[in-house]
Number of protein chains: 2
Amino acid sequence: MNILIDNKNGEPIYNQIYSQIKNQIISGELKENEMLPSIRGLAKDLRISFITTKRAYEELEKEGFIYTLPAKGCYVAPKNVELLREENLKKIENHIEEISKLAVACNLNKNDIIEMVMFCMEDQK
Amino acid sequence: MNILIDNKNGEPIYNQIYSQIKNQIISGELKENEMLPSIRGLAKDLRISFITTKRAYEELEKEGFIYTLPAKGCYVAPKNVELLREENLKKIENHIEEISKLAVACNLNKNDIIEMVMFCMEDQK
DNA sequence: TAACTGTATATAATATAAATATACAGTTGG
DNA sequence: CCAACTGTATATTTATATTATATACAGTTA
């Protein structure tokens, strides 16, 4: 497990831990059901309070990336692709909702928006 | 000029003032180049510090809704439609950018997104 | 039972946001 | 000119939210 903390960049420590672990899970570097370092062990390594590592793990659990067995440890959750997908779809819909409002405000119609999407997403197939 | 402050709803006072004036400008209730109440006069009416009204006016000026002549007063800005439009376009592009990232994450392609846009904006022409 | 897991609650330190007072400087009309 | 009005700039207070922490607790395991 490879976590680097940068105290200077202003990003909260718990968040640095959260996103680095998250990325390792998404990239597959951490496998499903693999045990994560204990919150205390990791905290000791990083020389921070274990409350901070706990907070990072809490976020990860809330987002569904890990699961916890009290008194045993924390593990990488099996990828719930469908869940992740639905969350993303919801986010996308919210963005479209916002775009919709903005479009009305500056008199753009559906086609204008679609053209913008085509243009902005040019690099994607 | 009609401004109502609700101390209970948690929204900052300066923001309540900001959005009420903004709405009156957008709706046309306040005409171009019309003089706004002085920050001190309004503050007195509302029984708050004029620093708070000043802050609201500052926001309005930053957004381009009003302009200020120091020692004279604050006035409703001529509607810069083009400016507003460009700001909105930028916001829309940012949303599309976000959508683009999400789309990659859940394996949606450009066409999927366009279909979603079509669907979500159904009610607009 | 010692040494490890995670949990829960309370607390301290810091940063940010919100509202303010006070002193300042330009404009205007009598 | 000057009194009474405009907006400006700086420093300060207050409240709230965020970040990080210590300490005491409870379950698991070899």
Side-chain angles (χ1 to χ4, degrees), chain A residues 1 3-22 25 30 32-78, chain B residues 1 3-22 25 30 32-78:
Chain A
M1 169 66 85
I3 306 274
L4 291 176
I5 300 302
D6 176 3
N7 282 310
K8 287 164 198 156
N9 76 356
E11 204 193 345
I13 297 171
Y14 76 88
N15 206 50
Q16 295 184 42
I17 298 169
Y18 164 80
S19 44
Q20 288 180 45
I21 294 181
K22 178 177 160 184
I25 292 175
L30 290 167
E32 295 187 11
N33 297 311
E34 183 174 339
M35 190 176 183
L36 293 166
S38 77
I39 57 175
R40 288 160 193 274
L42 180 58
K44 202 171 176 188
D45 282 356
L46 301 177
R47 302 202 190 135
I48 56 175
S49 163
F50 72 87
I51 310 283
T52 305
T53 50
K54 166 132 176 73
R55 178 155 180 193
Y57 279 33
E58 273 172 349
E59 294 292 320
L60 287 164
E61 184 157 33
K62 206 165 62 188
E63 301 287 324
F65 289 105
I66 69 175
Y67 62 94
T68 300
L69 301 182
K72 301 198 75 176
C74 299
Y75 305 85
V76 177
Chain B
M1 169 69 85
I3 307 273
L4 291 175
I5 301 301
D6 177 2
N7 282 310
K8 286 163 198 156
N9 75 356
E11 203 194 347
I13 298 171
Y14 76 88
N15 206 50
Q16 296 185 41
I17 298 169
Y18 165 80
S19 44
Q20 288 180 43
I21 294 181
K22 177 177 160 183
I25 292 175
L30 289 169
E32 294 187 10
N33 298 312
E34 184 175 338
M35 191 175 182
L36 293 165
S38 77
I39 58 176
R40 286 159 194 274
L42 180 59
K44 202 172 176 187
D45 282 356
L46 301 175
R47 300 201 194 138
I48 57 176
S49 163
F50 73 86
I51 310 284
T52 306
T53 51
K54 165 129 178 73
R55 178 157 180 191
Y57 279 33
E58 272 171 349
E59 295 292 321
L60 288 165
E61 183 157 32
K62 205 164 61 187
E63 301 287 325
F65 290 106
I66 69 175
Y67 62 95
T68 300
L69 301 183
K72 301 198 74 173
C74 299
Y75 304 84
V76 177

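Per chain, numbering begins at 1; letters A, B, ... match sequence-line order.
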J.: Output the single nucleotide from C/dA19, D/dT21, C/dA8 whose closest atom is nearest the side chain of A/T52.
T.: D/dT21
J.: Starting from the C-alpha separation in whole Å, work towards a yes-or-no answer on side-chain contact (heavy atoms from CB on, under 4.5 Å) for A/Y18 and A/E63.
T.: CA-CA 10 Å; A/Y18 164 80; A/E63 301 287 324; 3.4 Å; yes
J.: Please report the interatomic distance CD1(B/I3) to CG(B/D45), rounded to the nearest 0.5 Å.
T.: 10.0 Å
J.: Could you tell me how far apart A/R47 (CZ) and D/dT21 (C1') are, to the nearest whole angstrom?
T.: 18 Å
J.: Please give, in whole Å, the distance from C/dT27 C1' to B/M35 CE?
T.: 11 Å
J.: What is the separation between atom CD on A/E59 and atom C1' on D/dT18, rounded to the nearest whole Å?
T.: 12 Å
J.: D/dA9 P sits how many Å from B/Y57 OH, rounded?
T.: 18 Å
J.: Please figure out whether B/P12 or A/E58 has its closest DNA chain C nucleotide nearer the 5' end.
T.: A/E58
J.: Using whole Å, report how far CD1 of A/I39 lies from P of D/dA22.
T.: 13 Å
J.: Does the pair A/E58/A/R55 count as a salt bridge with the N-to-O cut at 4.0 Å?
T.: no
J.: Rounded to the nearest 0.5 Å, what's the gap from CD1 on B/I48 to CG on B/L42? Could you check?
T.: 6.5 Å
J.: Rounded to the nearest angstrom, tell me the gap between atom OH in B/Y14 and atom C1' in C/dT16.
T.: 11 Å
J.: Please tell me if B/S38 has a side-chain N or O lying less than 4.0 Å from either OP1 or OP2 of D/dT6.
T.: yes
J.: Using a cut-off of strictly less than 4.0 Å, decide whether A/K54 has a side-chain nitrogen or oxygen near OP1 or OP2 of C/dT7.
T.: yes
J.: If you assign each of A/S49 and A/P70 to its closest nucleotide in DNA chain D, which residue comes earlier from the 5' end?
T.: A/S49
J.: Test for a donor-acceptor pair under 3.5 Å between the base of D/dT23 and the side chain of A/R40, counting only N and O atoms.
T.: no
J.: Which residue, B/I51 or A/I13, contacts DNA chain D at a nucleotide closer to its 5' end, judged by nearest heavy atom?
T.: B/I51
J.: According to a strict under-4.0 Å criterion, is B/K72 in side-chain N/O contact with OP1 or OP2 of C/dT28?
T.: yes
J.: Measure the distance from CD on A/E11 to P on C/dA15 and round it to the nearest whole Å.
T.: 16 Å
J.: Among D/dG7, D/dG27, C/dT7, which nucleotide sits nearest the side chain of A/A71?
T.: D/dG27
J.: Applying the side-chain contact (heavy atoms from CB on, under 4.5 Å) criterion to A/L60, which one of A/V76, A/T68, A/I17, A/I21 satisfies it?
T.: A/I21
J.: Which of these nucleotides, C/dT7, D/dG7, D/dA20, is closest to any side-chain atom of B/C74?
T.: D/dG7
J.: Figure out the CZ/P separation between A/R55 and C/dT7, and round it to whole Å.
T.: 15 Å
